[in-house]
Amino acid sequence: MRESTIEMPLQLAVHTLSGITGALARDGYAIVPNFLDNTTCAALAAEGQRQIDAGLLKMAGVGQGEEHSLRREIRSDHILWLDDGNSAPLQRQYLALLEAYRQEVNRQLFIGLFEFEGHLALYPPGSFYKRHLDRFRDDDRRTVTAILYLNDDWKEENGGQLRFYPNGEKSSEYIDVLPEAGTFVTFLSHNYWHEVMPGNRERMSLTGWFKRR
Ligand code: OGA
Ligand code: MN
């Protein structure tokens, strides 16, 4: 595929960023189907699949620093951190799009996000991530979560939903989001409990967090 055919959708999507940021400011979260088009998502999925096939992903852990540990009863996905050395060309374009989102969030919400950390995540069939908040006990810098799903033609019977609790932990109300290619989910990291339900298909996403200083 020529570069020009895949760059365009990433640029077009920038025009929707201020609307998404408006929803984040108003509601604390936004769930956005078709954030990126199918062609771009298929190319991002192929890129991720090559990294998976190359054996670059590792079991994900819980916590960070001295508290970091593998807790397979809590989460069982595999990840590859997308820093400059690790990321592939289209992933870098996606990171550039997230940089535009970061600036728009700072402009509208006045929260001074200064960097992004994120990873490619693979949930093999049967894997899950139990209900949690995206903030470490000993580090409150993660402020806004951003997730892009890369799974073409995901069906309800495939499971693997993001179960999102829009009204706090105690509430029994939740929104189930299918990890369909192109769906983008963003929320204030410390406010919303969420979990990944076990699925019966490989489930791929680009997941990360904008941090405050
Ligand atoms: C996470 C997470 C949700 C998802 O990685 O912290 O909650 O749907 N992921 O992949
Ligand atoms: Mn999470």
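When a ligand or atom number is given, it counts from 1 through the structure's own listing order.
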For ring-ring contact (aromatic ring centres under 6.0 Å, His included), just list the numbers for Y101 and F184, CA-CA rounded to whole Å, side-chain angles, deciding distance to a tenth of an Å, and then say yes or no.
CA-CA 12 Å; Y101 179 52; F184 179 77; 5.8 Å; yes
Hey, is ligand 1 close enough to D134 that some N/O pair sits below 3.5 Å?
yes
Is there any N or O on R203 that sits under 3.5 Å from an N or O of ligand 1?
yes
Between T183 (side chain) and V32 (backbone), is there a donor-acceptor pair under 3.5 Å?
no
Could a heavy atom of F164 be found less than 4.0 Å from some atom of ligand 1?
no
Nearest protein heavy atom to atom 3 (C) of ligand 1, by residue and atom, and its distance?
V196 CG2, 3.4 Å
Should the proximity of E195 to ligand 1, defined as any heavy atom under 4.0 Å, be assigned to the side chain, the backbone, both, or neither?
neither
Using a 3.5 Å cut-off on N or O atoms only, is T207 in polar contact with ligand 1?
no
Would you indicate whether the side-chain heavy atoms of V144 and F187 approach each other to under 4.5 Å?
no
Please report the C-alpha distance between E115 and K211 in whole Å, then the side-chain angles of each, then the deciding distance to 0.1 Å, and finally whether the salt bridge (Lys or Arg N to Asp or Glu O under 4.0 Å) criterion is met.
CA-CA 5 Å; E115 76 175 2; K211 295 163 70 170; 3.7 Å; yes
For E156, is the CD atom crowded, meaning more than 12 foreign heavy atoms sit under 6.0 Å from it?
no
Here the atoms of ligand 1 under 4.0 Å from any heavy atom belonging to Y129 are 1 (C), 5 (O), 6 (O)
Is a side-chain N or O of R102 found less than 3.5 angstrom from the main chain of L113, in a donor-acceptor match?
yes
Any donor and acceptor pair, going by atom type alone, linking the side chain of T207 with main-chain N or O of H119 inside 3.5 Å?
no
State which residue, out of D153, N151, N200, fulfils the side-chain hydrogen bond (donor to acceptor under 3.5 Å, both in side chains) condition with N158.
N200
Just to be sure I'm reading this right: ignoring hydrogens, which of H194, M197, R163 gets closest to atom 7 (O) of ligand 1? Compare them by their nearest heavy atoms.
H194
Side chain or backbone of I147 under 4.0 Å from ligand 1, or both, or neither, by non-hydrogen atoms?
side chain
Using a strict 4.0 Å cut-off to heavy atoms of L162, name the atoms of ligand 1 that fall inside it.
3 (C), 8 (O)
Can you figure out which of F128, W209, Y149 has its heavy atom closest to atom 8 (O) of ligand 1?
Y149
Which angle, to the nearest 10 degrees, do you find at the Mn ion (ligand 2) between NE2 in H194 and OD1 in D134?
100°
